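Everything below concerns the one structure shown next.
All values reported here derive from a predicted model rather than from experimental measurement. Note: hydrogens, waters and symmetry copies are ignored here, and every other heavy atom, side chains too, is used.
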Amino acid sequence: MFLCDAIGFIIVSFSYKSFAPVTESHNIRDVTSAIKENRVPSAFLVMLLSLFIFMLVDRVIYLRRLVFGKLILQVMLVIGAHVWMFFILPSVTNRPFSKNVTAQLWYFFKCLYFGLSAYQIRCRYPARILGNFLTKKYNYTNLFFFKIFQITPFMLEIRYLMDWMWTDTALGLYSWVQMEDIYNNVFIVACFLAGEDRYVTARATKRSPIIKYGLGGILLFLLFLIIWFPMLLFSFGGTVFVSKAPLGCRLSIKLDSYKTVFEMDVQQHQLYEINSRDYKSLRQQFIANQSATAFLSMYTISDVYIADINGKAATLWASTPPNTRGLYNHLMGNKTFIIYVTVSIPSSTSSEPYVYNFHYNLTSTAESRRSREKLAQMIMPSSYNFSTQVLPSRAVSIPNILPRYLYVSVKGVKQLTNLGRDYINLMLHINHIDNSSAWWQVNEYRKRNTFEPVGVRNKYTWNSTIRIVTFNERVAPSILATVTSYGVVGLYVSIVFMVGKLVRMMTGDLSHSVIYTEMPYVGRIMRLCQDIYLVRENGDMALEEELFAKLIFLYRSPETLIKITRPKVE
């Protein structure tokens with residue numbers, strides 16, 4: 001019954017979209033994506049809490065042996081589940097039950113639960129509840145499932161608390177937990193002893209090489225794999241990771257604290273991947289730079305994309321006369337003036353685009369001063385004759401304003417210094433329409449050492465496009481995305497060290513537990529524990545305390561514990 005409830009809980013947890021209202025199902029891809037965005041749908045929370053509470057109520061009724069209460073719960077659940085499944089859910093999800101496969105799967109396991117629950121009501125609850133049902137037999141199968149039960153977070157603690165709250169006992173909570181822990185440890189020892197009886201190993205016989213090299217080799221391989229896994233994952237990531245093309249590229253230019261003067265972007269279909277000849281040309285350009293050659297060897301042609309951004313602004317630059325006058329005075333004054341250039345690259349792995357900010361200071365040199373004066377004259381159209389159809393156009397050259405080669409990773413965008421400091425030279429044009437509006441045009445001058453794809457004409461001249469080359473970090477497949485997000489150091493800290501700590505806990509300090517694990521026979525201690533369960537069920541609180549005190553005395557006295565755990569033959 002618990003297994004059926006647990007499976008139903010898991011189905012709702014991981015397939016919430018099949019149970020979500022229509023308004024939510026359109027906005028949520030799955031529960032995992034919603035939780036990553038720090039959003040927990042209210043309907044999802046209500047469903048999980050309801051299932052969890054009913055599981056707890058069922059356990060309480062079982063501990064108190066309330067058959068009539070179980071009957072009432074059964075009737076409520078049968079009516080409620082069918083009303084929800086066949087009337088409420090179809091109207092909420094706008095999907096009939098016959099077409100909702102996930103709901104049908106949940107209903108199947110719920111029907112199994114109803115059948116087992118009805119059989120339980122007919123047979124009534126057991127007269128005595130003695131320990132965990134997994135501890136009734138001593139074998140490796142029961143031991144395996146019992147270990148899973150133990151390592152499930154909070155499962156053991158919730159069971160301890162509920163059993164203590166709804167069971168008549170004279171023991172305090174701490175003594176109750178002590179008693180349960182002793183019983184669990186004795187059960188584990190009993191399972192190992194039963195395994196030794198079934199698979200007897202003759203004395204004074206060396207271990208078989210198959211066992212030593214088989215079991216030992218597998219464990220040694222696993223330890224080596226855990227230690228070197230982060231290094232291997234990121235070292236051979238090129239063969240496992242996949243290329244991820246950027247979704248686009250946007251270039252914007254802003255004059256100090258004033259309004260953006262130029263903004264243009266290209267979409268993913270407008271970006272183009274270099275071909276083999278282009279990649280060979282790129283490698284040839286940096287043949288003398290060993291650092292660049294080593295860097296390029298880490299990438300393939302599918303990792304390099306070129307964005308040719310149109311230099312003609314798509315929108316007008318509208319500025320009020322006071323704002324234009326303020327910009328003019330700023331340029332002609334002695335204050336610091338900075339041109340901000342921003343490259344934004346959206347990515348499918350992040351809700352926010354990756355942004356690279358670069359600023360160019362027009363303050364320090366005489367050449368910068370001349371550029372400021374030209375820029376000031378450009379933006380003030382007072383000397384222009386707007387009655388003519390063709391208005392005069394002026395331009396100012398800004399050298400080394402933006403890096404050409406950018407590296408795009410999950411951590412953002414940065415400049416590639418491995419390929420040298422190749423910067424883009426821009427010429428800013430402004431074309432006035434009237435006294436209050438204009439449009440900007442940006443041209444790029446490509447030097448003789450600038451990378452040019454094969455077949456491009458008009459080399460080393462002013463071009464109407466701005467060329468940005470992006471090297472894109474390969475991303476892990478979705479099955480490895482969560483692991484690789486930690487990075488090499490993060491994996492070692494969060495996974496390797498944690499696993500190492502668990503292994504050390506399993507193999508360390510074994511000498512302190514020898515007296516409690518190396519017991520030749522645990523039948524007498526097991527019977528004493530079962531006697532405590534038995535007198536508790538019969539309501540004899542005084543005898544329960546006496547037997548528990550005897551159990552504690554055995555564990556406090558090594559000599560007595562050795563005597564009581566001797567094999568039957570002795």
Examine distances only and state if a side-chain atom of D256 and a backbone atom of I338 form a donor-acceptor pair shorter than 3.5 Å.
-> yes
Sequence neighbours left out, what passes side-chain hydrogen bond (donor to acceptor under 3.5 Å, both in side chains) with T465? Give chain and number order.
-> R446
Exactly one candidate in N431, I430, L428 meets side chain to side chain contact (heavy atoms under 4.5 Å, CB included) with Q441; the answer is N431
In this structure, are over 12 heavy atoms from other groups packed under 6.0 Å from Q104 atom CD?
-> yes
For T315, check side-chain hydrogen bond (donor to acceptor under 3.5 Å, both in side chains) against everything at least two apart and list the hits.
-> none
Considering residues at least two apart in sequence or located in another chain, which fulfil the side-chain hydrogen bond (donor to acceptor under 3.5 Å, both in side chains) criterion with R372?
-> none
Would you list the atom pairs, donor with acceptor, under 3.5 Å between side chains in residues 152-159 and any protein atom, with sequence neighbours excluded?
unit_1: T152; atom_1: OG1; unit_2: I148; atom_2: O; d: 2.7

Measure from the side-chain N and O atoms of S91 to the backbone N and O of I88, and report whether any donor-acceptor pair falls under 3.5 Å.
-> yes
In terms of heavy-atom contacts, does CZ of F54 have more than 12 from other residues, nucleotides or ligands at under 6.0 Å?
-> no
Indicate whether any N or O donor in one side chain lies under 3.5 Å from an N or O acceptor in the other, for S18 and T102.
-> yes
Who are the side chain to side chain contact (heavy atoms under 4.5 Å, CB included) partners of S302, not counting sequence neighbours?
-> S243, E273, T300, R474
Heavy-atom neighbours of F52 CZ exceed 12 at 6.0 Å = no
Summary of salt bridge (charged side-chain N to carboxylate O under 4.0 Å, His left out) pairs that have at least one residue in residues 305-316, sequence neighbours excluded = D308-R467
Decide if atom CZ of F145 counts as having more than 12 heavy atoms of other residues, nucleotides or ligands within a radius under 6.0 Å.
-> no
Kindly check if the number of other-residue, nucleotide or ligand heavy atoms within 6.0 Å of OH (Y258) is above 12?
-> yes
